[in-house]
Amino acid sequence: QVQLVESGGGLVQDGGSLRLSCAASGRTLSSYAMGWFRQAPGKEREFVAAINWSGSATYYADSVKGRFTISRGDAKNPVWLQMNSLKPEDTAVYYCAARGGSVAAKRPTDYSYWGQGTQVTVSS
């Protein structure tokens, strides 16, 4: 069982930046591919970014490409989502997710473990 904990959400103005972190409780994330998803009120959960287990491959939704960066350090470090040039439409609850194996994925159903989510609000 992997327990994920997100942090770093908050309120930011249009054009601002935030960095989200996702850490595992009690174990490292080195053997998991990781993803970030978000869900706005009344909408389905959508893919934001993903990274394979080694950090050598990253994937982004078109809506965040060029503004968001997913990264990971060594086994002891969390997985980060650096969000720049934030827009009001980025407002959502952001979730990190983990899946066993090396390959990242873009569908929520491909992930076995989820964090509780962290709220990101971008004001205009």
Side-chain angles (χ1 to χ4, degrees):
Q1 187 74 12
V2 177
Q3 293 183 320
L4 302 175
V5 180
E6 303 100 334
S7 61
L11 174 64
V12 64
Q13 290 187 332
D14 190 356
S17 297
L18 285 173
R19 189 174 83 156
L20 305 184
S21 296
C22 176
S25 175
R27 64 168 62 193
T28 68
L29 295 172
S30 58
S31 59
Y32 295 87
M34 302 295 297
W36 284 97
F37 293 79
R38 67 187 181 187
Q39 189 166 18
K43 295 187 177 181
E44 293 186 352
R45 190 167 298 190
E46 65 173 1
F47 170 74
V48 175
I51 190 167
N52 68 347
W53 71 276
S54 67
S56 62
T58 56
Y59 308 89
Y60 298 95
D62 289 343
S63 59
V64 307
K65 202 170 294 183
R67 301 188 296 122
F68 291 11
T69 303
I70 188 171
S71 62
R72 66 192 309 167
D74 61 26
K76 296 181 180 179
N77 284 324
V79 176
W80 296 284
L81 183 68
Q82 177 67 43
M83 306 186 295
N84 298 328
S85 302
L86 282 161
K87 305 174 182 180
E89 51 263 44
D90 294 318
T91 295
V93 177
Y94 283 70
Y95 298 89
C96 73
R99 66 189 302 261
S102 61
V103 179
K106 298 182 179 181
R107 298 179 304 179
T109 52
D110 290 326
Y111 290 82
S112 301
Y113 306 103
W114 292 84
Q116 82 288 349
T118 185
Q119 177 70 46
V120 171
T121 303
V122 184
S123 64
S124 57

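Numbers here are sequence positions counted from 1.
Not counting sequence neighbours, the partners of S7 by the side-chain contact (heavy atoms from CB on, under 4.5 Å) test are S21. Looking at residues two or more places apart in sequence or on another chain, you find a side-chain hydrogen bond (donor to acceptor under 3.5 Å, both in side chains) between S17 and N84. Scanning for side-chain contact (heavy atoms from CB on, under 4.5 Å) contacts around S25 gives Q3, with sequence neighbours left out. Applying the side-chain contact (heavy atoms from CB on, under 4.5 Å) test to S123 and every residue at least two apart in sequence or in another chain returns L11, Q13. With sequence neighbours excluded, the residues that form a salt bridge (Lys or Arg N to Asp or Glu O under 4.0 Å) with D110 are R107. For the side-chain hydrogen bond (donor to acceptor under 3.5 Å, both in side chains) test, no residue two or more places apart in sequence or in another chain qualifies with T109. In this structure, the side-chain hydrogen bond (donor to acceptor under 3.5 Å, both in side chains) partners of T121, at least two apart in sequence or on a different chain, are Q119. Applying the ring pair (Phe, Tyr, Trp, His ring centres under 6.0 Å) test to Y111 and every residue at least two apart in sequence or in another chain returns F37.
A distance-only check finds a donor-acceptor pair linking the side chain of E6 to the backbone of Q116 [under 3.5 Å]. Listed for the T91 side chain is a donor-acceptor partner under 3.5 Å among the backbone atoms of V122. Side chain of R72 to main chain of A33: no donor-acceptor pair is present (N/O by atom type, distance under 3.5 Å, no hydrogens or angles).
Under a hydrophobic clustering in which Ile, Leu, Val, Met, Phe, Trp and Tyr are joined whenever their side-chain heavy atoms come within less than 4.5 Å, directly or via other members, W80 and M83 fall into different clusters. Residues I70 and L86 share a hydrophobic cluster, clusters being chains of Ile/Leu/Val/Met/Phe/Trp/Tyr side chains in contact below 4.5 Å. In the hydrophobic clustering of this structure, V12 groups with L20; members are Ile, Leu, Val, Met, Phe, Trp, Tyr whose side-chain heavy atoms approach within less than 4.5 Å, directly or through other members. Cluster annotation: L29 is connected to L81 through the hydrophobic network of ILVMFWY side chains, with a link wherever side-chain heavy atoms come within less than 4.5 Å. Cluster membership check: V93 does not share its hydrophobic cluster with V64, using side-chain heavy-atom separations under 4.5 Å among Ile, Leu, Val, Met, Phe, Trp and Tyr.
In plain terms, the two heavy atoms of Y60 and F47 that are nearest each other are C-CE2, 3.6 Å. Nearest heavy atom pair, residue A50 against residue A104, reads CB-CB, 3.8 Å. Taking every heavy atom of both residues into account, G55 and N52 meet most closely at N-OD1, 2.9 Å.
The shortest side-chain heavy-atom distance between Y32 and S112 does not fall under the 4.5 Å cut-off. Contact of the Y95 side chain with the L4 side chain is not registered, since no non-hydrogen atoms from C-beta on lie closer than 4.5 Å.
Here W53 sits alone; no ILVMFWY side chain lies under 4.5 Å from its own, so it joins no hydrophobic cluster.
Applying the salt bridge (Lys or Arg N to Asp or Glu O under 4.0 Å) rule to pairs touching residues 45-61 yields R38-E46, sequence neighbours excluded. Within the structure, the salt bridge (Lys or Arg N to Asp or Glu O under 4.0 Å) test picks out the following pairs touching residues 50-69 (sequence neighbours left out): D62-K65, R67-D90. Residue pairs meeting the salt bridge (Lys or Arg N to Asp or Glu O under 4.0 Å) criterion with at least one partner in residues 111-124, sequence neighbours excluded, do not occur; the list is empty.
Residue E44 places its CD atom among 12 or fewer non-hydrogen atoms of other residues, nucleotides or ligands, all under 6.0 Å distant.
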